[in-house]
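In this chain, numbering begins with 1 at the start of the sequence shown. The shown structure was predicted, so the numbers you read here are calculated from the model rather than taken from an experiment.
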Amino acid sequence: MFYSSTRDQSIKLTASEAVLKGLSDDGGLFIPSEFPKLSVSLDELAGLDYKESAYVVMKGFLDDYTEEELRNCIDRAYDSKFDTEEIAPLVEAEGAYYLELFHGSTIAFKDMALSILPHLLTTAVKKNKSDKEVVILTATSGDTGKAALAGFAGVPGTRIIVFFPKDGVSNVQKLQMVTQKESNTLVVGVDGNFDDCQSEVKAIFTDAELREKMAANGFQFSSANSMNIGRLVPQVAYYVYAYGKLVKGGRIQPGDEINVCVPTGNFGNILAAFFAYKMGLPIKTFICASNDNKVLFDFFKTGVYDKNREFILTDSPSMDILISSNLERLIYLSCGSDAEKNKALMSDLSKNGKYEVSDDMKDFMKSFVGEYADWAMASSKIKKLYENTGYVIDTHTAVAAASYDKYVEETGDKTVTVIASTASPFKFSRSVLTAIDPKYAEGEDFELIDVLTKTANVDIPNAIEEIRTAPVVHKTTCSRAEMKDIVLKNMGL
């Protein structure tokens, strides 16, 4: 197997080379030349724990890693840092199955893939005999930043720079990032939104002159965003594992179709579900749930992707995105892996802020259904689910759950559905509690966390306890125009 760029099919890298590079020099994303098939039967999935599910997925995509290398990466990633032995519990509530992806050290689903990425990356450095220090450059809408910092903090031969919209994340998300201590980390708040951060990071990545300067001084860039195939592939395991759990629990029979519903911002998590489908997992419908920034909802309804609209700050900030980078991989596949056609569409997006796909491409994507839930719908779902079952979900999961309710109401489709539960409610305690009872709107953050632990009957995660009194280490802020200078300064260039 090789990996080529979505904008240039002549580029051919091994899996480890693609992981190490992160993003193609032409701005494209790496995509496999073929989709491996699951090496075990669907009934055998029922007998696999999370680690084995991850290995089954990753050995197909990362085929130049040895079994020993992959198993070592998996064992080091999915260890005692997760607060449940299952790694990702599957919880039934009101007829849907919530796949809890937030039991890692930073209590968000990004932990699941970012726990393993540093191990995949450092293994790739050795495999490719690289002698350069790897600079992880990442934009975050709230969760990737801390998960990446936790993964790469103190890792020899790496340094990590995280840019986040300084007024576009929750207070807990911000504290998790700016209290990171290790000397190889830098966290910077940007005057702008996530799209500003992400667009500038991609511009820095594709700056040929800067790349040459870095190489001459012993540095190379890589990414911790889901733009990196090493971040995306581990996410495929979520859905393979969930399917096995459903079979094991007698909820479905091997071969039965399921639906997945994913709260979506940058499109990586739901794209991973599509990759699982391409591996042979029977998924019928991909319900792409958006918040008020419903650019993806509009795209799947009309075939027109148009980011020319108001950017809305919401209570589900990790979804406050108007340029969904990973959608490019699906667009590439939908146009028959025609890199030139995909490149032209991405050029339209860059120049005009919009593009339109053909009828054939829309037909390729017909299993994707766009839904959305504004905050009124999402908060109502939090309240209803809590009052009916006692189960408490975060604001992003609530967008997915409310969107799923709309989907069922509109279609009558009662197919067994897995909802990706992407963050702990403790990351958004004010919003969650206010949804349950408006009296909590004015509470102090950590007082509300103490209330939430009693409300949800769940222990306060260590990730929250450790930032109660942690000193702020990172105080740098900048404009988008200053981001490149900060990167250069960090490397002493």
Side-chain angles (χ1 to χ4, degrees), residues 1-5 8 10-30 32 58 61-77 113-139 148-163 180 182-187 201-225 227-234 483-493:
M1 183 183 293
F2 61 84
Y3 285 80
S4 59
S5 167
D8 185 351
S10 69
I11 294 172
K12 290 180 172 57
L13 303 183
T14 64
S16 63
E17 288 172 335
V19 169
L20 183 57
K21 198 160 184 61
L23 186 69
S24 181
D25 292 344
D26 57 14
L29 282 65
F30 292 118
M58 292 167 59
F61 283 101
L62 307 179
D63 65 341
D64 69 326
Y65 287 76
T66 66
E67 178 175 353
E68 181 183 5
E69 287 169 338
L70 276 182
R71 290 194 180 278
N72 180 53
C73 290
I74 290 167
D75 286 342
R76 292 170 71 185
L114 273 163
S115 290
I116 196 166
L117 181 59
H119 304 299
L120 293 174
L121 189 67
T122 52
T123 302
V125 168
K126 294 172 187 172
K127 291 179 76 68
N128 292 283
K129 298 180 172 55
S130 173
D131 59 356
K132 294 181 174 60
E133 182 175 354
V134 178
V135 180
I136 307 296
L137 192 60
T138 291
L149 289 163
F152 284 95
V155 174
T158 70
R159 64 179 72 189
I160 178 167
I161 305 171
V162 171
F163 292 101
Q180 188 71 48
E182 284 76 6
S183 60
N184 70 327
T185 65
L186 176 64
V187 180
V201 162
K202 289 191 77 171
I204 294 170
F205 258 102
T206 54
D207 185 327
E209 185 178 337
L210 174 57
R211 229 173 18 248
E212 290 177 11
K213 186 174 185 178
M214 288 179 62
N217 286 274
F219 296 105
Q220 70 180 96
F221 280 137
S222 191
S223 173
N225 287 79
M227 293 186 292
N228 190 322
I229 199 71
R231 247 289 300 279
L232 185 62
V233 165
M483 287 171 61
K484 181 178 174 180
D485 289 339
I486 284 176
V487 172
L488 288 167
K489 182 179 179 181
N490 181 263
M491 292 182 291
L493 300 180

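For Phe219, the ring-ring contact (aromatic ring centres under 6.0 Å, His included) criterion is met by no residue, not counting sequence neighbours. Looking at residues two or more places apart in sequence or on another chain, you find a side-chain contact (heavy atoms from CB on, under 4.5 Å) between Asn72 and Arg76. Every residue meeting the side chain to side chain donor-acceptor pair (under 3.5 Å) condition with Asp26, not counting sequence neighbours, appears here in chain and number order: Ser5, Ser24. Glu68 is linked by a side-chain contact (heavy atoms from CB on, under 4.5 Å) to Thr66, counting only residues two or more places apart in sequence or in another chain. With sequence neighbours excluded, the residues forming a side-chain contact (heavy atoms from CB on, under 4.5 Å) with Ala124 are Ser16, Leu20, Tyr65, Asn128, listed by chain and number. Partners of Phe61 according to the ring-ring contact (aromatic ring centres under 6.0 Å, His included) rule, which considers only residues two or more places apart in sequence or in another chain, are Phe275. Ala150 pairs by the side-chain contact (heavy atoms from CB on, under 4.5 Å) definition with Ser105, Thr106, not counting sequence neighbours. Phe152 pairs by the ring-ring contact (aromatic ring centres under 6.0 Å, His included) definition with nothing, not counting sequence neighbours. Not a single side chain to side chain donor-acceptor pair (under 3.5 Å) links Ser183 to another residue, sequence neighbours left out.
Atom CG of Leu210 sits about 4.5 Å away from atom CZ of Phe221, to the nearest 0.5 Å. In this structure, the separation between CD1 on Ile136 and CD on Gln220 is 9.0 Å, given to the nearest 0.5 Å. In this structure, the separation between CG on Asn217 and CD on Glu133 is 11.5 Å, given to the nearest 0.5 Å. Here CZ of Arg71 is found 11.0 Å from CE of Met58. Values are rounded to the nearest 0.5 Å.
Among Thr138, Leu186, Thr185, the single residue meeting the side chain to side chain contact (heavy atoms under 4.5 Å, CB included) criterion with Leu149 is Thr185.
Taking the side chain as every heavy atom from C-beta outward, Phe30 and Ile11 approach each other to under 4.5 Å. A heavy-atom distance below 4.5 Å is not found between the side chains of Asn225 and Leu137.
Within the structure, salt bridge (Lys or Arg N to Asp or Glu O under 4.0 Å) pairs that include any residue of residues 122-132 comprise Glu69-Lys127 (at least two apart or interchain). Applying the salt bridge (Lys or Arg N to Asp or Glu O under 4.0 Å) test to pairs two or more places apart or on separate chains, those with a residue in residues 13-25 are Lys21-Asp25, Asp25-Arg211.
Not a single donor-acceptor pair under 3.5 Å links the side chain of Arg231 to the backbone N or O of Ala113. For Asp64 (side chain) and Thr14 (main-chain N/O), no donor-acceptor pair under 3.5 Å exists by modelled atom type. Looking only at distances, a side-chain donor or acceptor of Asn228 sits under 3.5 Å from a matching main-chain atom of Val19.
Scanning all heavy atoms of the two residues, the minimum distance from Leu120 to Pro234 falls at CD1-CG, 4.3 Å. The heavy-atom pair separating Pro118 from Val155 by the smallest distance is CB-CG2, 4.5 Å. The minimum heavy-atom distance between Ala18 and Ile229, with the atom names listed, is CB-CG2, 4.0 Å. When all heavy atoms of Ser222 and Phe205 are compared, the closest pair comes out as O-CZ, 3.3 Å.
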List the atom pairs, donor and acceptor, that lie under 3.5 Å between side-chain atoms in residues 484-491 and the rest of the protein, sequence neighbours left out.
residue	atom	partner	partner atom	Å
Lys484	NZ	Asp207	OD2	2.6
Asn490	OD1	Arg159	NH1	3.3

